[in-house]
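Shown next, in structure tokens, is the structure this report addresses.
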Amino acid sequence: MTMRLLRWTVVLLVIVGGLAFVARGANGPADPTLAPAPAGGQASVNRTPFGDFGEIAFRVEGGSGADVAARASALRCALLADTSTRQEVGLMNRTDLGGYDGMVFRFSADTNVAFYMKDTPLPLSIAFFDANGQYVSGTDMAPCIHQTSCPVYPAARPYRLALEVAQGAMPRLGIGPDTRLITTGPCP
């Protein structure tokens, strides 16, 4: 009799616990597959800085599509190449972005400098932006490893900022014609 009572007590506790679990879960967000974004819109990620590159936060405004507002509020993090030495090194010899969304190249004045992929095994896309952050042009860039001559990738007109991202990431970040790159300071 005692063993039977113990079994029924365990079964009852499992049922009550399961119902409590379901009731608590039903009180969650309307779409449980989407976790609420942390303050600033940037998910917590492990970034691996390299070289003496700084970091810079950015967001993309404008463009088209259903997620324009979400993109504009999403704060992203990139490595910052803001000196000629850092700009010459860029993402050379890197096989990944180390948890960053890309690398921002910031120039002190408008420039027509063309980019190349010397010793860069990571396929990249690049977008160029003018002094106001307006999109100028963009293109995909192919790796060029251990070669004496590599193709160059110029902007359509003078630019002030360039953003390199993993090849194919520009649509996900909302980068394209009629968009604007806003740099906002340190990464969150």
Side-chain angles (χ1 to χ4, degrees), residues 33-35 37-38 40-51 53-82 86-107 111 113-130 133-147 149-157 159-184 187-188:
T33 61
L34 297 175
Q42 178 67 37
S44 174
V45 293
N46 291 327
R47 296 185 193 104
T48 307
F50 58 93
F53 293 97
E55 295 181 344
I56 190 165
F58 72 92
R59 69 178 189 276
V60 178
E61 292 182 346
S64 60
D67 59 345
V68 170
R71 281 193 321 258
S73 66
L75 208 52
R76 308 227 177 245
C77 185
L79 290 159
L80 177 61
D82 57 352
R86 290 179 188 132
Q87 291 161 355
E88 288 172 15
V89 172
L91 292 169
M92 281 181 176
N93 302 308
R94 297 290 304 179
T95 57
D96 64 52
L97 291 171
Y100 291 90
D101 291 295
M103 178 176 277
V104 170
F105 293 77
R106 183 172 58 196
F107 297 88
T111 186
V113 171
F115 279 65
Y116 63 97
M117 295 284 286
K118 181 181 181 320
D119 296 329
T120 306
L122 181 63
L124 298 171
S125 296
I126 188 166
F128 300 97
F129 300 88
D130 68 16
Q134 289 299 130
Y135 179 85
V136 169
S137 63
T139 191
D140 290 336
M141 301 187 297
C144 184
I145 304 166
H146 308 302
Q147 296 179 20
S149 178
C150 295
V152 293
Y153 303 92
R157 63 178 195 274
Y159 64 93
R160 185 75 60 99
L161 297 167
L163 174 63
E164 288 183 340
V165 298
Q167 197 167 98
M170 282 204 269
R172 178 181 55 82
L173 296 172
I175 298 170
D178 301 321
T179 60
R180 188 170 167 225
L181 182 72
I182 309 294
T183 56
T184 61
C187 292

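From a predicted model like this one, the values you see are computed outputs, not experimental measurements. Sequence positions, counted from 1, serve as the residue numbers for this chain.
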- Message: Thr111 vs Tyr159, test: side-chain contact (heavy atoms from CB on, under 4.5 Å). Steps then yes/no.
- Response: CA-CA 6 Å; Thr111 186; Tyr159 64 93; 3.5 Å; yes
- Does the pair Val104 and Leu163 meet the rule for a side-chain contact (heavy atoms from CB on, under 4.5 Å), with working shown? CA-CA 5 Å; Val104 170; Leu163 174 63; 3.7 Å; yes
- Note on the structure: Residue set satisfying salt bridge (Lys or Arg N to Asp or Glu O under 4.0 Å) with Arg180, at least two apart, ordered chain then number -> Glu61
- Do Phe129 and Ile182 come within less than 4.5 Å of each other through their side chains, counting heavy atoms only? no
- Item | Reported OH-to-OG distance for the pair Tyr153 and Ser137, which is rounded to 0.5 angstrom | 13.5 Å
- Determine whether Tyr100 and Pro49 make a side-chain contact, defined as any pair of heavy atoms from C-beta on separated by less than 4.5 Å. yes
- Message: Under the criterion side-chain contact (heavy atoms from CB on, under 4.5 Å), I'd like the reasoning laid out for Cys77 against Glu55: C-alpha separation, chi angles, the key distance, then a yes or no.
- Response: CA-CA 7 Å; Cys77 185; Glu55 295 181 344; 4.1 Å; yes
- Query: Checking Gln87 side chain against Arg106 main chain: does a donor-acceptor pair fall under 3.5 Å?
  - Reply: yes
- Minimal non-hydrogen separation, Cys187 against Ala78, with atom names: SG-N, 4.0 Å
- Query: Closest heavy-atom contact between Pro188 and Ala57?
  - Reply: CD-CB, 4.2 Å
- From OG1 (Thr48) to CG (Asp96), nearest 0.5 Å: 7.5 Å
- Query: Looking only at heavy atoms, what is the nearest atom pair of Gln167 and Ser125, with distance?
  - Reply: CA-OG, 3.3 Å
- Can you name the nearest heavy-atom pair linking Gly90 to Phe50, along with the distance? O-CE1, 4.1 Å
- Note on the structure: So the side chain to side chain donor-acceptor pair (under 3.5 Å) pairs with at least one residue in residues 113-122 (sequence neighbours excluded) are none
- Query: Sequence neighbours excluded, which residues qualify as salt bridge (Lys or Arg N to Asp or Glu O under 4.0 Å) partners of Asp140?
  - Reply: none
- Item | Spacing of Met103 atom CE and Arg94 atom CZ [to the nearest 0.5 Å] | 8.5 Å
- What one should report as the nearest heavy-atom pair of Thr179 and Gly174 is CG2-O, 3.1 Å
- State the CG-CG distance between Asp82 and Leu161, to the nearest 0.5 angstrom. 11.0 Å
- Message: Do Asp101 and Val165 make a side-chain contact, defined as non-hydrogen atoms from C-beta onward lying under 4.5 Å apart?
- Response: no
- Message: As an exercise, state the distance from CG of Asp178 to OH of Tyr135, rounded to the nearest 0.5 Å.
- Response: 10.0 Å
- Please report the shortest heavy-atom distance between Ala166 and Leu97, naming the atom on each side. N-CD1, 3.7 Å
- Message: With rounding to the nearest 0.5 angstrom, report the OG1 to CD1 distance, Thr183 to Ile56.
- Response: 4.0 Å
- Query: Is there a side-chain contact (heavy atoms from CB on, under 4.5 Å) between Arg86 and Leu79 once you walk through the steps?
  - Reply: CA-CA 10 Å; Arg86 290 179 188 132; Leu79 290 159; over 6 Å; no
